[in-house]
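One structure is given below, encoded as structure tokens.
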Amino acid sequence: MTSAFPRQSHVEHSPRERADLTVSGDSRVEALDALSSGTAQSILGALDGDPKTTSEIAKRVDTSIQNVHHHLRRLEENGLVEPIDTWYSVKGREMTVYALTAEKLVVQFGAAEQSQ
């Protein structure tokens with residue numbers, strides 16, 4: 001049976017070369033918590049190379065879809081991953097496709113220094 005929805009479109013995504021994350025003030029705990037989780041680190045590793053849906057990530061890192069969704073939300077709030085497309089399951093359910101925002105992450109503590 002064919003679906004009225006395209007199942008998966010070809011995704012062309014080129015993350016930025018580098019992302020700078022300045023950790024200061026109230027954001028310090030939240031940003032470091034998002035990165036310190038072993039599951040979050042596994043998710044970032046799973047997204048290295050190709051964008052994936054939540055269910056594909058869950059299968060790759062061997063955890064539940066709910067757990068992946070929780071970590072993706074935190075990683076997205078901190079600018080480390082982003083939704084880039086929507087695919088549809090065989091049953092027509094929308095599936096968000098996530099990708100890394102940058103190939104390299106630089107974490108800096110304190111205020112960002114001004115270029116001189």
Side-chain angles (χ1 to χ4, degrees):
M1 180 167 134
T2 60
S3 171
F5 300 105
R7 183 143 192 272
Q8 293 182 1
S9 58
H10 177 71
V11 177
E12 296 234 3
H13 175 73
S14 297
R16 297 185 314 265
E17 183 178 321
R18 173 180 159 161
D20 295 320
L21 176 63
T22 301
V23 180
S24 64
D26 293 337
S27 68
R28 180 175 300 158
V29 172
E30 185 178 323
L32 291 178
D33 277 351
L35 287 170
S36 67
S37 162
T39 301
Q41 293 169 21
S42 294
I43 289 169
L44 292 172
L47 289 172
D48 187 25
D50 291 324
K52 293 176 181 53
T53 63
T54 305
S55 58
E56 290 173 323
I57 296 167
K59 185 175 182 177
R60 181 101 179 253
V61 301
D62 195 29
T63 191
S64 70
I65 291 172
Q66 293 81 3
N67 194 25
V68 169
H69 181 70
H70 166 77
H71 288 285
L72 282 172
R73 181 179 48 78
R74 294 180 73 200
L75 292 168
E76 184 180 354
E77 288 170 355
N78 286 282
L80 303 172
V81 299
E82 62 186 345
I84 60 164
D85 202 357
T86 300
W87 290 347
Y88 293 90
S89 72
V90 177
K91 296 181 180 181
R93 292 191 178 114
E94 286 188 355
M95 302 182 299
T96 302
V97 180
Y98 290 90
L100 297 175
T101 58
E103 293 176 1
K104 185 189 314 182
L105 173 66
V106 177
V107 178
Q108 176 179 326
F109 293 90
E113 292 182 21
Q114 303 258 343
S115 298
Q116 296 182 8

Would you name the heavy atoms of [X] and [Y] that are closest together and state the gap between them?
X: Thr101; Y: Gly79; result: OG1-O, 2.7 Å
X: His71; Y: Ala40; result: ND1-CB, 3.9 Å
X: Ala46; Y: Arg60; result: O-NH1, 3.5 Å

Distance in Å, [X] [atom1] paired with [Y] [atom2], rounded so as to fall on 0.5 Å steps:
X: Asp85; Y: Met95; atom1: CG; atom2: CE; answer: 10.0 Å
X: Ser37; Y: Asn67; atom1: OG; atom2: CG; answer: 7.0 Å
X: Ile43; Y: Lys52; atom1: CD1; atom2: NZ; answer: 12.0 Å
X: Ile57; Y: Leu47; atom1: CD1; atom2: CG; answer: 4.0 Å

Keeping [X] on the side-chain end and [Y] on the backbone end, is there a donor-acceptor pair under 3.5 Å?
X: Asn78; Y: Arg74; result: yes
X: Thr86; Y: Glu94; result: no
X: Gln41; Y: Leu35; result: yes

- Query: Should Leu72 and Thr96 count as side-chain neighbours, where that means a heavy-atom distance under 4.5 Å?
  - Reply: no
- Is there side-chain contact between Ile84 and Glu82, with heavy atoms separated by less than 4.5 Å? yes
- Could you tell me whether His70 atom NE2 has more than 12 heavy atoms of other residues or ligands within 6.0 Å of it? yes
- Of Thr54, Leu75, Val68, Thr53, which meets side chain to side chain contact (heavy atoms under 4.5 Å, CB included) against Tyr98? Thr54
